[in-house]
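Just dropping this structure here.
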Protein chains: 2
Amino acid sequence: MPQSTETTSYKDIKKTVLARIRSGEWQPDSLLPNEQDLAAEFSCTRTTVNRALRELADEGYLERRRKAGTRVLSAPQRQARFSIPMVRDEVEATGGTYRYALVSAETTVAPDWLTARLALRPDQSTVHVRCMHFSGNTPFQYEDRWIVVDSVPQVAQADFSAIGPNEWLIQTVPFTNVELSFLASRADATVARFLDLPEGEPVFTGERITWLEGQPVTYAKMYFGAGYRMTTQF
Amino acid sequence: MPQSTETTSYKDIKKTVLARIRSGEWQPDSLLPNEQDLAAEFSCTRTTVNRALRELADEGYLERRRKAGTRVLSAPQRQARFSIPMVRDEVEATGGTYRYALVSAETTVAPDWLTARLALRPDQSTVHVRCMHFSGNTPFQYEDRWIVVDSVPQVAQADFSAIGPNEWLIQTVPFTNVELSFLASRADATVARFLDLPEGEPVFTGERITWLEGQPVTYAKMYFGAGYRMTTQF
DNA sequence: AAAACACTAAAGTCTACACAAAATGGAATC
DNA sequence: GATTCCATTTTGTGTAGACTTTAGTGTTTT
């Protein structure tokens, strides 16, 4: 049957279901009709209903279990998606001119805390890179990163004077797992100097650990310049 | 054909595609074979390939355009999903005992900055609620919230002495749009007092604006206690 | 009672096919 | 040379039907 003449699409179903939840017609914790019945109601196939409900479950509105059916989540476990762009893109998106500057790059044995954090073997070798990202002449981000040499042997030959370690890594090694945190920290002397802030100032900070199939690849701490906010809409 | 005997599922296809991207077989920016050809290769239907590629595009690995085809995103525009639980759930998830305390609740005309922020009409009435969320006896979050009376008339009768404004709102009014930001701010005298921190200390801060069909519903500022970090894995 | 078992309802996934919609690239026209 | 228009390709979405997997529920056995 062609869908040009008045059919119900999975998007329509999503909207209707959401509306019913919002209107209170379908109370939290209550069970929805099964797919078959909904298909009949919307005069479409179960496939279409399935897609609608599956996506709503994905978005955190519904909970689905085989045999048990589909129920409305009581506390809509909403989730926010933040896009994590590369610094260059983030700067350019705001109209700024991106500039990168290497501060230091050296091969060292991993410090204790890093060995613990990444579950490294004692005395594994790392490349420690510190660098700055600017938007025009304004400091945008100070990055402090360690790369595990055993996981990324090529890093020994890498030259970080022109390209940032993040961009280099993305081009060079894949990763499978990431742990990402955000917090507020106080600017120590170093961070304050590079971000051009008074010492002790609050700094929005990101911490990122990346693995490839269980192997720790890199640990990065990213200190954002004054006034930075991470925003999303949904 | 039954799928018990060796068929390719959309999950298999996702894995294979990801593996090819990671291995470099399919370079960033390059075009993938079209769905028909992939279906032939995996000996399944186009529907199955479609689902696999659609989900990968959703997850930020691929870009798909009709007629243009499917290509590997050069900078895998990865996105992090943070779940935004209600404070009670967040506290209880860490094993703490949740406790709520109202600080103040009063009806006032919206201040200038809020009128501007939410695009209110001049002198619209709001309910201003300030409250604390504890984990055991440790301050977990100080919340400072305005609720627009015109959008939520019931708020005039609400009693926030036992239930937090957020939980109340979720039960009472639906919302359609949210803008959520995170930043690092310095604790002013009030925030410092409630969170039991020295004044000027960095505070991880969330700001949330909620609309219902274009109508501003509420503005909330959430100050998190010492050591808070927002974490996700992917 | 408690444990093991079978039945069955519901979601999960796949096949096979069809038509819809977008957008690219080239052809026709100005 | 630029613009408009159109055919074609590729993804998007729907139908119809089948088999699979999970997990409640009720029954039987211990």
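So that the names make sense, note that chain A is the first sequence line, chain B the second, and so on, each numbered from 1. Computed from heavy atoms alone, side chains included, the values below leave out hydrogens, waters and symmetry copies.
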Checklist entry - Tell me: CZ of A:Phe42 to C1' of D:dA16, nearest whole Å? => result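 Rounded to the whole Å, the gap is 19 Å.
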Checklist entry - In residues 46-55 of chain B, which residues come under 4.0 Å of DNA chain D by heavy atom? => result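 Correct list: B:Arg46, B:Asn50.
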Item to check | Interatomic distance, A:Arg208 atom CZ to A:Glu179 atom CD [nearest 0.5 angstrom] | outcome: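 Taking CZ in A:Arg208 and CD in A:Glu179, the distance rounds to 11.5 Å.
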Next on the checklist: Nearest whole Å is fine: how far is D:dG12 C1' from B:Asp58 CG?
Outcome noted: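 Those two atoms, CG and C1', are 13 Å apart.
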Next on the checklist: With a 4.0 Å limit, can you tell me whether B:Thr70 has a side-chain N or O closer than that to the phosphate oxygens OP1/OP2 of D:dT11?
Outcome noted: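 Affirmative; the distance criterion is met.
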Checklist entry - Within less than 4.0 Å of OP1 or OP2 of C:dT13, is there a side-chain N or O belonging to B:Tyr10? => result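 Yes, such a contact exists.
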Item to check | For B:Trp26, ring pair (Phe, Tyr, Trp, His ring centres under 6.0 Å) partners two or more places apart | outcome: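 So B:Trp26 forms no ring pair (Phe, Tyr, Trp, His ring centres under 6.0 Å) with any residue.
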Item to check | Phosphate OP1/OP2 of D:dG17 contacted by A:Thr45 side-chain N/O (<4.0 Å) | outcome: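 It does not, given that no N or O in the side chain of A:Thr45 lies less than 4.0 Å from OP1 or OP2 of D:dG17.
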Checklist entry - B:Glu35 CD to C:dA18 P: how many Å, rounded? => result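 Value for this atom pair: 17 Å.
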Item to check | Among C:dA11, D:dG14, D:dA23, the nucleotide that comes nearest once only the side chain of A:Ser9 is considered | outcome: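 Between C:dA11, D:dG14, D:dA23, the one nearest the side chain of A:Ser9 would be D:dG14.
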Next on the checklist: Taking 4.0 Å as the cut-off, does a side-chain nitrogen or oxygen of B:Arg65 come that near to OP1 or OP2 on C:dT24?
Outcome noted: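 Yes, such a contact exists.
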Checklist entry - Rounded to the Å, how far apart are B:Gln36 CD and D:dT10 C1'? => result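 Rounded to whole Å, this separation is 9 Å.
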Checklist entry - Can you name the one residue among B:Arg145, B:Arg117, B:Glu207 that meets side chain to side chain donor-acceptor pair (under 3.5 Å) with B:Tyr219? => result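 Checked B:Arg145, B:Arg117, B:Glu207 against B:Tyr219; only one passes side chain to side chain donor-acceptor pair (under 3.5 Å): B:Glu207.
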Checklist entry - Are any of B:Lys11's side-chain N or O atoms less than 4.0 Å away from OP1 or OP2 of C:dT13? => result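 Looking at the OP1 and OP2 atoms of C:dT13, one of them is under 4.0 Å from a side-chain N or O of B:Lys11.
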Checklist entry - Quick one: does NZ or CZ of A:Arg88 land under 6.0 Å from the six-membered ring centre of A:Tyr98, within 45 degrees of the ring axis? => result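 Judged by the rule, A:Arg88 and A:Tyr98 form no cation-pi pair.
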Next on the checklist: Which residue is it: B:Tyr223, B:Phe134, B:Tyr228, B:Phe224? I am looking for the one with a side chain to side chain contact (heavy atoms under 4.5 Å, CB included) to B:Gln141.
Outcome noted: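 With B:Gln141 as partner, B:Tyr223, B:Phe134, B:Tyr228, B:Phe224 yield a single side chain to side chain contact (heavy atoms under 4.5 Å, CB included), made by B:Phe224.
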Item to check | Polar side-chain contact A:Arg66-D:dT21 base: donor and acceptor under 3.5 Å | outcome: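 Answer yes: a donor N or O sits under 3.5 Å from an acceptor.
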Item to check | Spacing of B:Asp37 atom CG relative to D:dT9 atom P, expressed in whole Å | outcome: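 Those two atoms, CG and P, are 13 Å apart.
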Checklist entry - What about the rings of B:Phe204 and A:Phe182, do their centers lie closer together than 6.0 Å? => result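 B:Phe204 vs A:Phe182: aromatic centres not under 6.0 Å.
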Item to check | Which nucleotide in D:dA23, D:dG12, C:dA11 has an atom nearest any side-chain atom of A:Lys67 | outcome: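 The closest nucleotide is D:dA23.
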Item to check | Gap between atoms CG and P, on A:Leu62 and C:dG12 respectively (whole Å) | outcome: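 After rounding, the gap between these two atoms is 11 Å.
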